[in-house]
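Residue numbering restarts at 1 for every chain, and letters A, B, ... go by the order of the sequence lines.
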There are 2 protein chains.
Amino acid sequence: MPLRIVVATGSSVPIYRQVVEQVRLAAATGRAKAGDALPSVRTLAEELVVNPNTIAKAYGELVREGIAEAQPGRGVFIAAKRSVYSRAERARRVEGALEEFIHEAVCLGMPEEEIRALFEKRLSRADFKQGEDKP
Amino acid sequence: MPLRIVVATGSSVPIYRQVVEQVRLAAATGRAKAGDALPSVRTLAEELVVNPNTIAKAYGELVREGIAEAQPGRGVFIAAKRSVYSRAERARRVEGALEEFIHEAVCLGMPEEEIRALFEKRLSRADFKQGEDKP
DNA sequence: GGTACTGTACTATACGACCTAGTACACATC
DNA sequence: GATGTGTACTAGGTCGTATAGTACAGTACC
């Protein structure tokens, strides 16, 4: 099974972005291992009832980010050396989302302890290692 | 001084959204108190060198969210009874941003302890009560 | 070589969100 | 009445997203 990808066409987030995020998550959690092949541009496009260009755009972004590697004529594969961001680089990329979260919570008048509780609750549900198909 | 609002025209986030966020934050931190008048649509538009419709859209959203109240012919004012969301309602609105943050962190392979450290560090910098003009 | 697949590049078109421009109306204040 | 207020409407521009179609180079297999 070459990695199941699904998208919500009605969502406000672009289709190509959804594809990028899913592959990124699969690669990060280990559900997709280095060397695994992604569905071909045309195959996935047909499966999702979406234009091949949209998938090509998503794959292009994955290659640009270092998550995947394209081998022209063969296909696109999960990159070998898992984009090793430094601690600082990783923190920099995550900080935007963190800022957004804290800002939203503070704006709504959520007390500090409640923010912490919500955070801890969600963190305990996160899977950091191997991903399973049926959570 | 009727609440200073600034926007970055070059930003990717829409102008009207920036206005909404700034008023929302000012109201939440107490920098703008209940009954305080917002700049008039035309005044703020001229000040920011922006179309009045853009400001009207932002104010409309603030009224819809309950942060402000419009008095036709008089102006727009910070709402009296600070949109008192229930705990559940508040949590529901914040969860999206939290989800995004955790997802981003996990995707980049950030270990649990580092996520927690980053979160605690940022939380300690958040001001939950009175806001000052020069932080 | 021939066929079938792969990724990639390009143009053209359509749609929606955002923003601008201009006008108009109802209301409040003086 | 004059002025300032919020609101509503139409029209147009820009930009990102997605579609449609075509074309080309590389790889794999018979």
Side-chain angles (χ1 to χ4, degrees), chain A residues 2-3 5-24 27 32 35-80, chain B residues 2-3 5-24 27 32 35-80:
Chain A
L3 183 58
I5 296 176
V6 295
V7 296
T9 51
S11 169
S12 70
V13 313
I15 295 174
Y16 85 96
R17 215 79 203 65
Q18 295 183 42
V19 173
V20 169
E21 286 308 313
Q22 286 188 40
V23 175
R24 213 159 71 132
D36 281 4
L38 269 54
S40 83
V41 168
R42 291 171 179 80
T43 301
L44 184 55
E46 189 171 0
E47 188 177 323
L48 300 182
V49 195
V50 145
N51 194 281
N53 287 339
T54 303
I55 307 300
K57 184 173 183 179
Y59 282 7
E61 191 146 317
L62 285 166
V63 170
R64 223 172 305 119
E65 288 189 21
I67 282 97
E69 281 177 355
Q71 300 183 16
R74 296 197 62 232
V76 177
F77 306 84
I78 300 293
Chain B
L3 183 59
I5 295 176
V6 294
V7 296
T9 52
S11 169
S12 71
V13 314
I15 295 174
Y16 86 96
R17 214 80 201 68
Q18 294 183 45
V19 173
V20 168
E21 286 308 312
Q22 286 188 41
V23 175
R24 212 158 73 134
D36 280 5
L38 268 55
S40 84
V41 167
R42 290 170 180 79
T43 301
L44 184 56
E46 190 170 0
E47 189 177 323
L48 300 182
V49 196
V50 145
N51 195 280
N53 288 337
T54 303
I55 306 300
K57 184 173 182 177
Y59 282 8
E61 191 146 324
L62 285 166
V63 170
R64 222 172 308 119
E65 288 189 22
I67 281 98
E69 280 177 357
Q71 299 183 18
R74 295 197 62 234
V76 178
F77 305 84
I78 300 294

Q) Which of these nucleotides, D/dT7, C/dG7, C/dT29, is closest to any side-chain atom of A/Ala70? A) C/dG7
Q: Answer yes or no: is there an ion pair linking A/Glu61 with A/Lys57, defined by an N-O contact shorter than 4.0 Å?
A: no
Q) Is the shortest distance from a Lys or Arg side-chain nitrogen in A/Arg17 or A/Glu21 to a carboxylate oxygen in the other one below 4.0 Å? A) yes
(Q) Less than 4.5 Å apart, side chain to side chain, heavy atoms only: is that true for B/Asp36 and B/Phe77? (A) no
Q. Between A/Val20 and A/Ala58, which heavy-atom pair has the shortest distance, and what is it?
A. CG2-O, 3.6 Å
(Q) Is it the case that the side chain of B/Glu69 and the backbone of B/Val63 share a donor-acceptor pair, with hydrogens and angles ignored and the cut-off at 3.5 Å? (A) no
Atom [atom1] of [X] to atom [atom2] of [N]: distance rounded to whole Å?
{"X": "B/Leu38", "N": "D/dT7", "atom1": "CG", "atom2": "P", "answer": "11 Å"}
{"X": "B/Phe77", "N": "D/dT5", "atom1": "CZ", "atom2": "C1'", "answer": "9 Å"}
{"X": "A/Glu46", "N": "D/dA18", "atom1": "CD", "atom2": "C1'", "answer": "18 Å"}
{"X": "B/Leu44", "N": "D/dG6", "atom1": "CG", "atom2": "C1'", "answer": "14 Å"}
{"X": "B/Gln71", "N": "C/dT29", "atom1": "CD", "atom2": "C1'", "answer": "13 Å"}

Q.
With hydrogens left out and only the distance checked, is there a donor-acceptor pair under 3.5 Å joining B/Arg42's side chain and the base of D/dG6?
A. yes
For [N] and [X] - does any side-chain N or O of the residue sit under 4.0 Å from the phosphate oxygens OP1/OP2?
{"X": "A/Tyr16", "N": "D/dT17", "answer": "yes"}
{"X": "A/Thr43", "N": "C/dT6", "answer": "yes"}
{"X": "A/Arg74", "N": "C/dC5", "answer": "no"}

**Q.** More than 12 heavy atoms of other groups within 6.0 Å of B/Gln71 CD
**A.** yes
Q: Pull out every residue in residues 47-57 of chain A that has a heavy atom closer than 4.0 Å to any atom of DNA chain C, ordered by number, or say none.
A: A/Asn53
